[in-house]
Amino acid sequence: MHDIFTSDAGDAITITKVGRADLPRWLDERPEQREWIAVVGYKSEPGSSAFVPAAAGRRAHVIAAPAEGETVWSYASLPKALPEGRYRFEDDIEAANDIALGWALGAYEFDAYRTPARESAKLVWPPSAERGEVLRLAAAMKMARDLINTPAEDMGPQQLADRAVELAAEHGAEGEVIVGEDLLARDFPAIHAVGRASSRAPRLIDMRWGDAAAPKVTLVGKGVCFDTGGLDIKPHDGMLEMKKDMGGAAVVLGLASALMALAAPIRLRVLVPAVDNAISGNALRPRDILRTRAGKTVEIGNTDAEGRLILCDALAEADREGPELLIDCATLTGAAKIALGTEVQALFCDDDRAAGELVAAGSDCGDPLWRLPIWRPYRKQIDSPCADLNNVGKGPFGGAIIAALYLAQFVSAAKTWAHLDVFAANQTARPGRPEGGEATGLRALEAFIRRRYD
């Protein structure tokens with residue numbers, strides 16, 4: 001991300017903010033440009049820009065109308081819309097951190113498998129931007145996006161674990177990976193059961209960082225590297241995006257990198273169960289009954305509800321320490337997407353104060369969360385006649401709530417628990433948010449934790 005920015009203003013081309021209301025005055029002051037603006041049809045619509053050629057006594061420059069909505073996306077279209085080169089804003093700008101971060105995210109391209117057609121336009125650092133802060137968040141977002149975008153062939157449980165180990169080494173964290181049959185020996189039976197059908201062994205990634213005396217903050221991320229649905233196999237269209245079913249893991253790893261780079265005053269623990277939900281002779285079957293790490297038994301109503309199975313073992317381990325804050329992120333249900341669409345992430349949290357702070361943090365940084373209820377009367381929907389609970393509800397309604405209720409059975413000691421059911425992708429391209437993997441919820445969670453432990 002460093003190469004997106006420059007400190008050398010040199011011959012950088014100036015960007016001037018010209019909104020729709022400002023355009024008539026701007027043209028009155030520059031009558032020599034009126035014909036050019038008319039020819040190119042520039043109307044100063046929000047998010048648009050125009051390259052204005054040099055005229056007598058004036059240098060070539062750019063006029064741009066900021067996009068409406070969250071500040072971070074105001075000029076995020078420019079890195080790809082403008083010709084290659086260096087650019088600077090005419091004056092120091094308000095919300096410089098947001099503008100610079102939006103520029104970095106607008107320049108993002110997943111280029112692991114092809115050479116970019118062109119370089120992005122570079123931005124001269126706005127004088128008031130906190131460079132380290134911008135680069136810290138930009139790097140966290142890039143890491144998560146890259147993890148999600150990488151095809152499952154190259155991002156299996158081992159590769160995901162390898163990246164986590166690298167991250168731990170980068171920040172001096174302690175890391176452990178429990179692999180394959182050792183999961184049974186260490187009492188993580190649900191993680192093992194979901195991942196055992198794959199030729200790529202399941203894993204539990206466990207990372208710790210920070211002062212042991214600091215407040216305990218634990219992050220848990222769903223790391224299903226590819227989800228066939230198991231024996232309850234998905235149709236073709238349902239599998240097309242399943243390389244992103246480890247999006248929760250990508251979000252918490254990116255979040256962890258941002259918190260460690262910040263030197264947040266917390267004792268951080270990250271738990272990521274990493275598996276493939278595959279099909280073979282030893283695959284988990286419908287109506288099988290699993291014993292989980294918490295000792296509860298679970299009847300398998302659907303093998304395609306595997307995320308909550310691996311999460312329940314990880315949550316039970318996280319909850320054992322009674323952390324002050326426990327957060328899990330998962331691409332858990334289609335029901336959350338149906339309820340809220342793809343751009344707003346579902347939040348479940350019984351702590352009213354924390355829930356309000358999470359929603360506010362998301363709103364402030366343009367990474368929206370919406371609170372849904374952990375509606376306890378629905379608990380009976382996951383009753384089983386032969387086990388402590390079922391992994392799916394009895395009917396088609398309230399699927400995101402049912403999934404949150406299932407997870408809630410494995411959390412009791414944590415002071416505050418929040419569950420995010422995230423989409424982890426941009427379905428359509430928008431400025432700063434290219435189609436493909438997205439760290440939905442990462443910036444909201446980072447802002448919330450930073451404010452909470454400031």
Side-chain angles (χ1 to χ4, degrees), residues 70 72 97-98 101 105 133 136-145 147-148 164 167 171 207 209-210 215-223 246-272 311 314-315 318 323-332 336 340 343-351 353-372 404 407 411 414-425 433 437-454:
E70 294 83 3
V72 71
N97 281 9
D98 280 352
L101 177 60
L105 297 178
E133 178 75 3
R136 179 177 67 85
L137 285 174
M141 293 291 289
K142 182 181 187 303
M143 175 186 176
R145 285 176 171 184
L147 287 173
I148 298 166
L167 179 65
H171 294 279
M207 181 169 65
W209 172 89
K216 293 180 180 177
V217 175
T218 301
L219 309 176
V220 177
K222 174 187 170 185
M246 39 64 69
V251 168
V252 302
L253 289 173
L255 175 58
S257 75
L259 294 172
M260 291 187 291
L262 179 66
I266 59 176
R267 175 60 169 174
L268 178 66
R269 188 180 187 189
V270 179
L271 289 162
V272 173
L311 286 173
L315 284 171
E324 183 174 300
L325 177 63
L326 172 57
I327 298 173
D328 77 81
C329 292
T331 51
L332 205 59
L340 299 177
E343 297 174 17
V344 181
Q345 312 311 307
L347 165 68
F348 296 87
C349 182
D350 272 346
D351 182 330
R353 179 177 177 181
E357 291 172 351
L358 277 159
V359 171
S363 177
D364 291 346
C365 69
D367 189 13
L369 310 177
W370 193 263
R371 188 184 185 188
L372 295 178
L407 296 180
V411 178
K415 182 177 178 181
T416 297
W417 168 56
H419 159 58
L420 268 67
D421 194 334
V422 299
F423 188 59
R433 293 151 288 184
E438 184 59 279
T440 45
L442 188 156
R443 291 186 301 112
L445 291 172
E446 188 276 341
F448 165 72
I449 294 171
R450 177 164 36 86
R451 294 173 184 180
R452 189 179 178 103
Y453 298 103
D454 186 11

| Heavy-atom donor-acceptor pair, Arg443 side chain to Cys365 backbone, under 3.5 Å | yes
| note | Hits for side-chain hydrogen bond (donor to acceptor under 3.5 Å, both in side chains) against Gln345, two or more places apart or cross-chain, chain-then-number order -> none
Atom pair [atom1]/[atom2] of [X] and [Y] - distance to nearest 0.5 Å:
X: Leu147; Y: Met246; atom1: CG; atom2: CE; result: 5.0 Å
X: Asp364; Y: Glu70; atom1: CG; atom2: CD; result: 10.5 Å
X: Leu420; Y: Lys222; atom1: CG; atom2: NZ; result: 13.5 Å

| message | I need the full list of side chain to side chain donor-acceptor pair (under 3.5 Å) pairs touching residues 259-270, with sequence neighbours left out, sorted by first then second residue. | response | Asp206-Arg269, Arg269-Glu317, Arg269-Glu321
What I'd like to find out is whether the side chain of [X] reaches to under 4.5 Å of the side chain of [Y], using heavy atoms alone.
X: Met143; Y: Leu167; value: yes
X: Val344; Y: Phe423; value: no
X: Arg452; Y: Glu357; value: yes

side-chain contact (heavy atoms from CB on, under 4.5 Å) partner of [X], the single match among [options]:
X: Trp417; options: Asp328, Ile327, Asp350, Asp351; result: Asp328
X: Leu326; options: Thr416, Leu315, Leu219; result: Leu315
X: Val252; options: Leu445, Leu442, Val272; result: Val272

| said: Could you check whether Glu133 pairs with Arg136 (Lys NZ or Arg NE/NH1/NH2 to Asp/Glu carboxylate O, under 4.0 Å)? | reply: yes
| request: Applying ring pair (Phe, Tyr, Trp, His ring centres under 6.0 Å), name anything that partners Phe348, two or more places apart in sequence or on another chain. | output: His419
